[in-house]
Amino acid sequence: MSSGPVVHFELPYDDGDRARAFYAEAFGWETAQTPGMDYTTVSTGPHGASGPPTIPGYVNGGLVPRSRPLAGPTVVLGVEDLAGSLTKVEQAGGTVLLPSTPVGEIGYSAYFTDPEGNVIGLWQDA
């Protein structure tokens, strides 16, 4: 994977059932609540049994409870070296909000703000 492509998005909600129903009805997105987590996966297009899109160009995402600092829509960038990417973020003037966190056995996530105050997620596959 090259460093930095948009690989995922997250949309916050105040009411999970309402958000799931809205995106399913308005856009035909498939949603699935993740067992053991307060998280809903979102498939925006054709996907395989394990979840990733089967047609190039589709980006899947998630619905998350609204909380600070994740209070607005967030894009998530795929990186090969999460620790190294966080170091580069700080060197370039960004601020780490949430350090590397394991997400089950599938990978690691982290969040930062850019110098403009935008929250951006990072993802590294396990």
Side-chain angles (χ1 to χ4, degrees):
M1 168 189 343
S2 62
S3 186
V6 174
V7 297
H8 189 75
F9 65 84
E10 294 179 334
L11 301 173
Y13 62 73
D14 295 313
D15 181 320
D17 290 335
R18 180 177 61 202
R20 285 184 285 277
F22 172 79
Y23 286 105
E25 183 177 336
F27 300 104
W29 291 359
E30 292 180 32
T31 64
Q33 291 179 264
T34 305
M37 296 176 64
D38 199 5
Y39 193 85
T40 300
T41 59
V42 173
S43 296
T44 66
H47 58 87
S50 64
T54 56
I55 296 176
Y58 285 99
V59 175
N60 291 329
L63 302 174
V64 297
R66 187 179 316 277
S67 64
R68 294 280 178 206
L70 306 179
T74 303
V75 296
V76 179
L77 310 178
V79 297
E80 294 178 359
D81 175 9
L82 190 53
S85 295
L86 290 172
T87 297
K88 287 181 182 179
V89 161
E90 290 180 314
Q91 290 171 344
T95 303
V96 175
L97 292 175
L98 299 170
S100 179
T101 304
V103 179
E105 296 180 8
I106 61 173
Y108 303 88
S109 67
Y111 295 86
F112 69 91
T113 55
D114 68 11
E116 303 306 311
N118 298 302
V119 176
I120 308 293
L122 295 177
W123 175 262
Q124 178 184 327
D125 289 330

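As the structure is a computational prediction, the values presented were derived from the model and not from experiment.
Every side chain to side chain contact (heavy atoms under 4.5 Å, CB included) that Thr40 has, sequence neighbours left out, goes to Arg20, Thr31, Gln33, Leu63. Every residue meeting the side chain to side chain contact (heavy atoms under 4.5 Å, CB included) condition with Asp81, not counting sequence neighbours, appears here in chain and number order: Ala83. With sequence neighbours excluded, no residue forms a side-chain hydrogen bond (donor to acceptor under 3.5 Å, both in side chains) with Ser109. Residues that satisfy the ring pair (Phe, Tyr, Trp, His ring centres under 6.0 Å) test with Phe112, not counting sequence neighbours, are absent from this structure. Under the side chain to side chain contact (heavy atoms under 4.5 Å, CB included) criterion, Glu25 pairs with no residue, sequence neighbours left out.
Between Tyr23 and Trp29, the angle of the ring planes stays under 30°, which puts this pair in the parallel group of the 30/60° scheme.
Pairs engaging residues 4-16 under the salt bridge (Lys or Arg N to Asp or Glu O under 4.0 Å) rule: Asp14-Arg66 [sequence neighbours left out].
Across all their heavy atoms, Leu77 and Gly4 have their closest contact at CD2-O, 3.6 Å. Residues Ala110 and Leu82 come closest through the heavy atom pair CB-CD1, 4.0 Å. Smallest separation of non-hydrogen atoms from Ala126 and Tyr108: CA-CE1, 4.2 Å. Among all heavy-atom pairs drawn from Leu86 and Leu122, the shortest one is CD2-CD1, 3.7 Å.
Atom CZ of Phe9 sits in a crowded spot, with more than 12 heavy atoms from other residues, nucleotides or ligands closer than 6.0 Å.
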Side-chain donor-acceptor distances from residues 90-105 under 3.5 Å, at least two apart:
from	atom 1	to	atom 2	distance (Å)
Thr101	OG1	Pro99	O	2.9

